[in-house]
J.: 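My questions all concern the structure below.
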There are 2 protein chains.
Amino acid sequence: MQEPTFLILTALATRPLHGYGIIQAVGELSDSEVRLRPGTLYGALDRLAEQGLIEVEREEAVDGRLRRYYRLTDGGAAVLTREVERLRRRAATAEAQLRDRGGIIPGLGRIAPTTP
Amino acid sequence: MQEPTFLILTALATRPLHGYGIIQAVGELSDSEVRLRPGTLYGALDRLAEQGLIEVEREEAVDGRLRRYYRLTDGGAAVLTREVERLRRRAATAEAQLRDRGGIIPGLGRIAPTTP
DNA sequence: CGGTATATATCGTCAACCGAACTATCTGGT
DNA sequence: ACCAGATAGTTCGGTTGACGATATATACCG
């Protein structure tokens, strides 16, 4: 799962949102690091709905404009939870490897100290 | 950055490795969850070298077969470090959102405003 | 009256990953 | 002696998902 998809699920975790609301929520959740584009969003929305991770909660007509609200399904929440654990494991593994940067020589121990 | 790329950099963090060694290391680092394919690896290797995140350390001819060892550059280590922090932040954000699933906190009521 | 914000849809493109096939050598088992 | 399997690298074609751009439409503010 890529970052935009992950953030869409994250945004929908607390409450149902419509497309534009998701774009804003993702911006806030990522400290404005990720700006979701419409092309990314609506493609992802269709895909995630097809996979059953999200579903249309309701469709509202506000001033003649359609607002389609999406909700995270239980299945989607489960997938997101697993993904969170996955990210944590990856981060921990990489950090451990980075701490060993410089490497060791068997029998001699570390030659390059872990530079703080 | 996607998972295979992330794991390649992770594998190279401790010591230089040749292509096949990277495939094995990624398998171990991911608890056999990720099996890197040659097509993924060699494409990523070229790309990462072009970006300066890794570099060819040396080329060894063992029994007539070439072994090309790649090393993580300082720039690559910096990028990987930033990526680790990014993953942690994403994981923390998603977890916080998931905790709010349903949105009601007993005794306090809803913290975040409802759907606009 | 024009710019910004709200809101959704669609198009073509590109990067990255994936599976598979191919070559080649060394090692271990039968 | 032979074959399977591990080691090691290259290449190709296909698919997915993200991206940028564009289009449409209304509301609000200065």
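Predicted, not measured: the structure shown is a model, and the values here were computed from it.
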J.: Taking atom P of C/dT6 as reference, at what distance in whole Å does atom NE2 of A/H18 sit?
T.: 9 Å

J.: Could you tell me whether the side chain of A/E57 and the main chain of A/Y69 form a donor-acceptor pair under 3.5 Å?
T.: no

J.: Rounded off to whole Å, could you give me the CG-to-P distance for the A/D46 and C/dA9 pair?
T.: 8 Å

J.: So B/Q24, base contact, sugar-phosphate only, or nothing? Heavy-atom distance under 4.0 Å.
T.: sugar-phosphate

J.: Would you say the side-chain atoms of A/T14 pair up with the backbone N or O of B/R101, donor to acceptor, closer than 3.5 Å?
T.: no

J.: In whole angstrom, what separates B/L41's CG from D/dT10's P?
T.: 10 Å

J.: When the nearest nucleotide of DNA chain D is assigned to A/P38 and to B/G19 on a heavy-atom basis, which residue is associated with the more 5' position?
T.: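 Between the two, 5'-proximity favours B/G19.
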
J.: Kindly give the heavy-atom pair with the smallest separation between B/A11 and B/L29, and that separation in Å.
T.: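 Scanning both residues, the minimum pair turns out to be CA-CD1, 3.6 Å.
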
J.: Within this structure, what is the CZ-to-P distance between A/R67 and D/dT24, rounded to whole angstrom?
T.: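 Atom CZ in A/R67 sits about 22 Å away from atom P in D/dT24.
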
J.: With heavy atoms under 4.0 Å as the rule, sort A/E59 into base, sugar-phosphate or nothing.
T.: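 Touches nothing.
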
J.: Would you kindly give the OH-to-C1' distance between B/Y70 and D/dA8, to the nearest whole Å?
T.: 12 Å

J.: Does A/T5 use its side chain to pair, donor to acceptor, with the backbone of A/M1 at less than 3.5 Å?
T.: no

J.: Using a 4.0 Å cut-off on protein heavy atoms (strictly under), produce a 5'-to-3' string for nucleotides 13-18 of chain C with B for base contact, S for backbone-only sugar-phosphate contact, and - for none.
T.: ---SSB

J.: Whole angstrom is fine here: how far is it from OH in B/Y42 over to C1' in C/dG19?
T.: 15 Å

J.: Please report, rounded to the nearest Å, how far the P atom of C/dT8 is from the CD1 atom of A/I8.
T.: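 For the pair A/I8 CD1 and C/dT8 P, the rounded distance is 13 Å.
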
J.: Salt-bridged, A/D31 to B/R86, with N to O below 4.0 Å?
T.: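 Salt bridge flag = no for B/R86 with A/D31.
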
J.: Atom OH of A/Y20 to atom P of C/dA9: distance rounded to whole Å?
T.: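 It is 15 Å, rounded to the nearest whole Å.
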
J.: Answer yes or no: is there an ion pair linking A/E33 with B/R90, defined by an N-O contact shorter than 4.0 Å?
T.: yes

J.: What I want to find out is whether B/E59 reaches B/R67 closely enough, with some N-O distance under 4.0 Å, to be called a salt bridge.
T.: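 So B/E59 does not pair with B/R67 through a salt bridge.
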
